[in-house]
Amino acid sequence: IRIAGNALVSLRGDLQIQTVVQSLSEATYESASAGMLVGDVIVLIAREEPDHSLRAVARVGDSISPHTSAMGKAILANLGPGRRLAVLRNAVGPEADRVEDELAGELETIRVQGYALDEETYSPGLRCRAAAFLDDEGLAIGGISVAGPAARFSFAKATEFLPLLQEKVDELSAHGQRASRPAVPSP
């Protein structure tokens with residue numbers, strides 16, 4: 001976590017990331033998180049939870065699954081092939097090549113549209129949207145997610161907040177706005 005903290009200070013500052021996470025949680029009334037690549041692991045570095053008793057639970061310092069979570073997939077989709085495989089190898093060992101092949105189409109869709117979605121696949125009853133923030137070469141260094149119970153964080157509500165999520169990751173990305181991203185579909 002110390003390494004991630006030092007990297008944040010040198011990139012954009014941890015206060016900016018915490019502010020982004022807090023603003024997303026307040027806007028959506030759902031849990032918002034930021035994760036960052038530390039070596040070949042995605043580590044949760046900022047978290048804001050709503051006052052709801054039913055919410056997505058995670059803690060700063062937790063590692064995030066790269067191949068089953070929306071945040072992980074958003075990050076994987078924006079890595080070069082070697083780095084992506086290294087992150088997967090760290091998570092699933094010798095199954096990395098198979099997992100990468102299985103995810104190839106989904107990761108390409110995520111890369112093109114600029115966000116990942118999770119419709120209760122990471123955890124039953126949990127809906128999530130996530131996007132990666134990028135370095136000056138256009139490669140992922142971390143990601144931001146918003147998650148909540150599917151019964152409350154409906155598909156339409158999750159889709160409604162995608163432009164705000166994308167705006168916030170663009171603020172954290174080295175290049176600011178990403179070029180040629182398609183518009184978010186209407187709910």
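Values below: all heavy atoms of this structure, side chains included; hydrogens, waters and symmetry mates excluded.
We find that Glu108 and Arg111 are joined by a salt bridge, their nearest charged nitrogen and carboxylate oxygen being less than 4.0 Å apart.
Glu100 is linked by a salt bridge (charged side-chain N to carboxylate O under 4.0 Å, His left out) to Arg84, counting only residues two or more places apart in sequence or in another chain. Every side chain to side chain contact (heavy atoms under 4.5 Å, CB included) that Ala158 has, sequence neighbours left out, goes to Arg127, Arg129, Phe153. Applying the side chain to side chain contact (heavy atoms under 4.5 Å, CB included) test to Glu26 and every residue at least two apart in sequence or in another chain returns Gln22.
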Would you tabulate the side-chain donor-acceptor contacts of residues 89-97 under 3.5 Å, counting partners in other chains and residues two or more places apart, or write 'none'?
from: Asn90; atom 1: ND2; to: Asp40; atom 2: O; distance (Å): 3.4
from: Glu95; atom 1: OE1; to: Arg98; atom 2: NE; distance (Å): 2.6
from: Glu95; atom 1: OE1; to: Arg98; atom 2: NH2; distance (Å): 3.2

Do any side-chain atoms of residues 69-76 form donor-acceptor pairs under 3.5 angstrom with protein atoms, and if so which ones, sequence neighbours left out?
from: Ser69; atom 1: OG; to: Ser65; atom 2: O; distance (Å): 2.5
from: Ser69; atom 1: OG; to: Gly72; atom 2: N; distance (Å): 2.9
from: Lys73; atom 1: NZ; to: Glu106; atom 2: OE1; distance (Å): 3.3
from: Lys73; atom 1: NZ; to: Glu106; atom 2: OE2; distance (Å): 3.1

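Linking Ile, Leu, Val, Met, Phe, Trp and Tyr whenever their side-chain heavy atoms come within less than 4.5 Å leaves Leu107 and Leu85 in two separate clusters. Val146 and Leu164 fall within the same hydrophobic cluster, defined by Ile, Leu, Val, Met, Phe, Trp and Tyr side-chain heavy atoms under 4.5 Å apart, directly or through other members.
For the atom pair CG of Leu172 and CD1 of Ile141, the computed distance is 8.0 Å after rounding to the nearest 0.5 Å. Annotation: the span from Ser23 atom OG to Glu167 atom CD amounts to 8.5 Å, rounded to 0.5 Å. Note: Leu24 CG to Phe161 CZ = 9.5 Å, rounded to the nearest 0.5 Å. The CG atom of Leu165 sits 9.5 Å away from atom OG1 of Thr28, with the distance rounded to the nearest 0.5 Å.
Between Glu102 and His67 there is no side-chain heavy-atom pair separated by less than 4.5 Å. Between Phe133 and Ile17 the shortest side-chain heavy-atom distance falls below 4.5 Å.
With hydrogens and angles disregarded, a donor-acceptor distance shorter than 3.5 Å links the side chain of Ser173 to the backbone of Leu134. The closest donor-acceptor contact from the side chain of Ser25 to the backbone of Glu30 lies under 3.5 Å.
Tested against Arg83, the residues Leu37, Leu139, Asn78 include a single side-chain contact (heavy atoms from CB on, under 4.5 Å) partner, Leu37.
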TODO: Apply salt bridge (charged side-chain N to carboxylate O under 4.0 Å, His left out) to Glu160 and Lys157, showing your working.
DONE: CA-CA 5 Å; Glu160 172 188 340; Lys157 183 177 177 186; over 6 Å; no

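Nearest approach of Gln166 to Tyr115, heavy atoms of both residues: NE2-CD2, 3.3 Å. Scanning all heavy atoms of the two residues, the minimum distance from Leu44 to Ser33 falls at CD1-CB, 3.3 Å. When all heavy atoms of Ala116 and Ile110 are compared, the closest pair comes out as CB-CD1, 3.7 Å. Of all the heavy atoms in Ala34 and Ile144, the pair that sits closest is CB-CD1, 3.5 Å.
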